[in-house]
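Because only heavy atoms are used, hydrogens play no part in the values below, and waters and symmetry mates are left out as well, while side chains stay in. In each ligand, atom 1 is the first atom listed, and ligand 1 is the first ligand listed.
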Amino acid sequence: MKYTEISNLVKTRFSWYPAQMKSNAKIPDESIWKLLELANYAPNHKRTEPWRFVVFSQEKVKEFYTELASIYTTITPKDDFDQAKVKKLQQRVEKISHVIVIVMRRDEKERVPIQEEEYAVSCAVQNMLLATNSLDIAGYWGTGKLAYSKEMKDYLNLNEQDKCMGFLQLGVPIENLPKLEKKPMSPIEDKVDWR
Ligand SMILES: Cc1cc2nc3c(=O)[nH]c(=O)nc-3n(C[C@H](O)[C@H](O)[C@H](O)COP(=O)(O)O)c2cc1C
């Protein structure tokens, strides 16, 4: 593969949000499996393969967002609680076809530092994100307090040392969307100390 092809793939990857997704449209399960297959090729130290995924599809998507709304209600202090946020979570069901919950499964023998397991899972997520466009999938990686809560860990039946690293929320892009302009990156030269 030529550098220009890889460069093009990397530079044209976009996060797409519910506003850019069709209502009540479904991604074929086979396309989700194609993403997951790529996740399985991420680099990982000592071959621990720490990525795990919990996929919600069909009516389980509704169950997932109902649970998210319930966790939000449970963990948010009264003064910060915003009913509109609950509604927003419930409304996601209209646009989101599949949710891939991203999980770091801690190696039982703890052969590598725990952050290395997270790095590997992030690489697995990037593998999936890079392929979304090619499969006509719109989506983004969502994180935050709900993902990191004990309640989410319990819901997913994770072990104490495991970590929910967020949710890939996926839908079908609206046709003929105007081409998104990627926010220009600040120059890489400013981020490199070349000695
Ligand atoms: C670790 C990580 C966590 C993220 N969490 C969120 C999030 O909670 N909510 C959200 O809207 N986007 C989230 N994003 C997506 C970013 O907002 C998005 O990647 C960024 O705006 C750059 O846009 P691009 O992906 O189109 O290049 C996250 C991305 C990463 C890598």
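- Salt-bridge check for Lys34 with Glu37: failed, with every basic side-chain N at 4.0 Å or more from each acidic carboxylate O.
- Looking at residues two or more places apart in sequence or on another chain, you find no ring pair (Phe, Tyr, Trp, His ring centres under 6.0 Å) involving Tyr65.
- Rounded to the nearest 0.5 Å, atoms CD (Gln20) and NZ (Lys95) are 9.0 Å apart.
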Worked verdict on Phe64 versus Phe167 for ring pair (Phe, Tyr, Trp, His ring centres under 6.0 Å): CA-CA 11 Å; Phe64 176 77; Phe167 322 119; 5.1 Å; yes
Verdict with supporting geometry, Phe14 and Tyr140, ring pair (Phe, Tyr, Trp, His ring centres under 6.0 Å): CA-CA 8 Å; Phe14 279 103; Tyr140 70 104; over 10 Å; no
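- Other residues, nucleotides and ligands contribute at most 12 non-hydrogen atoms within 6.0 Å of the NZ atom of Lys62.
- For ligand 1, the 4.0 Å heavy-atom shell contains residues Arg13, Phe14, Ser15, Tyr17, Tyr140, Trp141, Gly142, Thr143, Lys182.
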